[in-house]
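Model, not experiment: these values are computed from the prediction. What you see below is based on every heavy atom in this structure, not just the backbone, and it leaves out hydrogens, waters and symmetry mates.
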Amino acid sequence: MPDAGWEVRDGRLSVEGVACRELAERFGTPLYVISEARLRENARRLQSALAAAWPLGDARLLPSLKANPTLATRVILNRLPLAERAFSF
């Protein structure tokens with residue numbers, strides 16, 4: 001499966017179609033980058049695996065606030081079709 005959001009083309013790493021070198025030049029380093037496509041895909045896969053493996057009824061994926069400290073990440077996770085919202089604003 002190709003890695004959603006991340007790609008190596010001509011030996012250069014890109015995220016969501018933007019070269020990481022360009023991001024570093026624009027925002028400086030160190031730079032922490034999250035692919036929204038990868039985040040959404042991971043959440044979907046985790047929810048599917050949890051639902052398939054949990055024999056006791058509905059399974060809910062609850063993203064952790066401590067593991068996702070950036071506002072943008074929390075907004076994306078809140079908008080996912082998960083069974084429960086973990087964050088409130």
Side-chain angles (χ1 to χ4, degrees):
M1 173 179 108
D3 198 11
W6 295 91
E7 177 181 40
V8 176
R9 186 180 298 164
D10 298 325
R12 296 199 170 119
L13 181 63
S14 295
V15 60
E16 309 258 343
V18 179
C20 289
R21 181 180 198 102
E22 291 176 30
L23 292 171
E25 289 170 355
R26 180 174 176 192
F27 299 105
T29 61
L31 180 64
Y32 185 66
V33 179
I34 297 173
S35 163
E36 182 175 347
R38 172 52 43 205
L39 180 62
R40 289 176 178 278
E41 178 63 15
N42 285 350
R44 185 198 63 74
R45 290 175 62 207
L46 282 168
Q47 179 63 43
S48 293
L50 182 60
W54 185 252
L56 302 176
D58 290 338
R60 296 180 298 193
L61 181 64
L62 303 172
S64 168
L65 177 63
K66 289 182 181 180
N68 301 289
T70 65
L71 181 59
T73 302
R74 288 186 268 163
V75 167
I76 293 165
L77 290 170
N78 257 346
R79 291 180 179 160
L80 292 175
L82 304 175
E84 190 75 31
R85 292 186 71 170
F87 309 111
S88 60
F89 298 101

Between [atom1] of [X] and [atom2] of [Y], what distance do you get to the nearest 0.5 Å?
| X | Y | atom1 | atom2 | value |
| --- | --- | --- | --- | --- |
| Leu46 | Leu80 | CG | CG | 11.0 Å |
| Thr73 | Glu36 | OG1 | CD | 9.5 Å |
| Thr29 | Leu23 | OG1 | CG | 12.0 Å |
| Ile34 | Thr70 | CD1 | OG1 | 4.5 Å |
| Arg40 | Leu77 | CZ | CG | 9.0 Å |

### Query
Are Glu41 and Arg38 close enough for a salt bridge, meaning some N to O gap below 4.0 Å?
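Not counted as a salt bridge, because no side-chain N and carboxylate O are separated by less than 4.0 Å.
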### Task
Inspect the contact between Glu25 and Arg21 and indicate whether a charged nitrogen and a carboxylate oxygen are less than 4.0 angstrom apart.
yes
### Query
Looking only at heavy atoms, which two atoms of Ala24 and Leu31 are closest? And how far apart?
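Shortest heavy-atom contact: N-CD2, 4.1 Å.
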### Query
What is the minimum heavy-atom distance between Ala37 and Glu16, and which atoms define it?
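Taking every non-hydrogen atom into account, N-OE2, 2.8 Å.
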### Query
Is the closest side-chain donor-acceptor distance between Asn78 and Arg74 under 3.5 Å?
no
### Task
Compute whether any side-chain donor of one residue and acceptor of the other, for Ser14 and Glu7, lie under 3.5 angstrom apart.
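No, no side-chain donor-acceptor contact under 3.5 Å.
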### Message
Please determine whether side-chain contact (heavy atoms from CB on, under 4.5 Å) holds for the pair Trp6 and Val33, giving the CA-CA distance in whole Å, both sets of side-chain angles, and the decisive distance to 0.1 Å.
### Response
CA-CA 11 Å; Trp6 295 91; Val33 179; 4.1 Å; yes
